[in-house]
Every structure is written in structure tokens, then in C-alpha cells.
Amino acid sequence: MSQDADEAFEFSPLIDAGVVVALAHVRGGGELGSAWHRSGQFPLKFNAVTDLEECAQILVDSGWIDSRMLGSSSGSAGSAVALSAVNRGIWRPCGCVCCSPFVNIAQSLRRDYDPVSRSDFIEFGNPEDGLYSRRKIRAILPTSGAHSIDYPDILVTTGGCDSRISNIDVAFWIFKMTIFSHRHVWLPHLSNGGHGTRDFASAISFWKYCFSSARS
């Protein structure tokens, strides 16, 4: 889905507080045309990760953002991109907000009962198509890519009524984060929330903590 800047209303409290908010289009939609979007689909999905890294670097090089206070906010499949970038260690945001994150792509794509998994084949590939497909999927898999690096603080919002991702997968990924990272993982869980549910109060508190820590 193409994303318009007007949809960033959720960041209004941060903007009012003087925080710079930038939307990074990483080929998840058609903002720059269908050919541009297709070059971020399987088997070229990893282009989305390098897109995000380049967007972050442009913000720093242009002087808009202090590199120590660069944060990341994403959701669903976008969180797979953001967390894969963090795993690579080329950039480390001071904090990451992930809403209903798609963290175990390979497992999700194998779930026959999940209709969304079938529609995601065109974006991520089909793990049943062979070793080539599995390698491409694994390259953008936050769970398998986790390792011992200096991770940022992370806020993960989950919903008890989410039919599009498995909260068990999210819990397993968080468990791996507690092994590899010495930083905090915040987990607001909204029992009645569905896919894409956000906890704005927790997010504001999280960013206050991250920016305060970055300054010190």
C-alpha cells in the first residue's frame, strides 16, 4: 500500500515536541511506480533493507538528524525490513518501535490456515519452492538473523486478536533478543487489539526514554 504523509498523524505529539519525523518508502507501496515496487519484491526483497539504511544515512548526512538520536518506527512486514537492517549492524537506531511485527516470515508463509501467507508469496517468496527461495527469505528474517550485537531498546506492540501474525513467533523473537541484547524490550500487549493495534501512550514514553538516554 502506498503511504501518504498525511497518514503520519500518530506522530503528531512527537512533532509538537520538536522531533523530526521522516517517512522512508522502502518499496512496500507504489510511491515511485510499479517497477520500483517490483524491484523490492521477491527475489529482490532485500532492496527494501538497503533502502532503509540509505534513507537513515541521508537524514544524518543532511544534518536533519543527530545520529545518536535516530529512531525507527514500523509495523507488520515493515518491521521485518527494519529489524533485518538492525541485525546487519550498519546502523543502530537509539530505539525501535515495532507494531505487530512480522518476525518469523519463513514459518508464517507455511501456515495453510493463514490466507495472508499466500498473498505474501509475491512479496517474500514461497519457502516450499526450494533452497534458493528459502535462502532469500532467510536473508530478511529477523529471528534467524539475531546475533550478539549492540541492539537498541525495542518496543513491541501486540494484539490478542491479531489474525495476521503469530504472537508466539513474536514471543520467541523477544526471547532471542533477551539472550543477545543487554537493552530493554518493552512489550505492551492489548488483549482486544487486532493487527496494527498501536499503544500511543507507551510509544511516547518509550521515545522520551530513548532520547533522554541518547543525550546522556
Side-chain angles (χ1 to χ4, degrees), residues 1-15 19 21-31 37 40-41 45-49 51-53 55-56 70-87 91 93-105 107-109 111 114-117 119-120 122-124 140-143 145-146 151-174 177 185-207 210:
M1 294 175 61
S2 297
Q3 185 178 20
D4 188 82
D6 291 342
E7 298 174 23
F9 66 90
E10 65 194 75
F11 298 110
S12 295
L14 291 174
I15 295 172
V19 176
V21 174
L23 298 183
H25 296 308
V26 293
R27 306 178 203 248
E31 291 85 6
H37 180 195
Q41 293 178 330
K45 190 64 179 177
F46 203 78
N47 283 341
V49 177
D51 279 352
L52 180 60
E53 292 171 339
C55 287
L70 175 63
S72 168
S73 180
S74 60
S76 194
S79 290
V81 173
L83 294 171
S84 294
V86 172
N87 280 340
W91 72 301
C94 67
C96 284
V97 170
C98 300
C99 175
S100 303
F102 197 20
V103 291
N104 195 347
I105 302 165
Q107 186 65 31
S108 297
L109 294 173
R111 295 190 178 107
D114 184 357
V116 177
S117 67
S119 65
D120 277 337
I122 191 172
E123 293 292 335
F124 292 96
I140 197 171
L141 191 64
T143 304
Y151 280 101
D153 291 288
I154 299 174
L155 181 143
V156 183
T157 303
T158 57
C161 299
D162 194 335
S163 61
R164 300 190 63 180
I165 67 163
S166 167
N167 285 327
I168 295 177
D169 289 346
V170 176
F172 175 68
W173 170 74
I174 291 175
M177 287 294 96
V185 177
W186 304 40
L187 181 61
H189 178 76
L190 308 179
S191 58
N192 295 323
H195 191 70
T197 297
R198 296 180 182 272
D199 187 333
F200 297 114
S202 294
I204 294 298
S205 297
F206 175 78
W207 288 125
C210 290

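Computed from a predicted structure; not experimentally measured.
- Counting only heavy atoms from C-beta outward, the side chains of T158 and L190 never approach each other to under 4.5 Å.
- Within the 4.5 Å cutoff, the side chain of L155 has no heavy atoms near those of the W207 side chain.
- Other residues, nucleotides and ligands contribute only 12 or fewer heavy atoms inside 6.0 Å of the CZ atom of F172.
- Using a 4.5 Å cut-off on side-chain heavy atoms (C-beta onward), S73 and R198 make contact.
- Under the side chain to side chain contact (heavy atoms under 4.5 Å, CB included) criterion, H195 pairs with S76, S100, D162, R164, I165, not counting sequence neighbours.
- Side-chain atoms of S191 do not come within 3.5 Å of backbone N or O of G160 as any donor-acceptor pair.
- The shortest non-hydrogen separation linking L52 to A24 is CD1-CB, 4.0 Å.
- Here W186 pairs with F206, Y209 under the ring pair (Phe, Tyr, Trp, His ring centres under 6.0 Å) rule; sequence neighbours left out.
- Within the 4.5 Å cutoff, side-chain heavy atoms of W91 are placed close to those of S72.
- A donor-acceptor pair is defined here as one N or O able to donate and one able to accept, closer than 3.5 Å; no such pair exists between the side chain of D199 and the backbone of H189.
- Residues N104 and S166 fail the side-chain proximity criterion, which asks for heavy atoms closer than 4.5 Å.
- Side chain of T157 to backbone of P188: no donor-acceptor contact under 3.5 angstrom is found.
- At a threshold of 4.5 Å between non-hydrogen side-chain atoms, the residues S74 and V81 do not count as touching.
- Counting all heavy atoms, side chain and backbone alike, G30 lies closest to H37 at CA-CB, 4.4 Å.
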Pair Q107-T143, side-chain contact (heavy atoms from CB on, under 4.5 Å): steps then yes or no:
CA-CA 10 Å; Q107 186 65 31; T143 304; over 6 Å; no
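- Looking at R27 and E123, their side chains never come closer than 4.5 Å, going by heavy atoms from C-beta outward.
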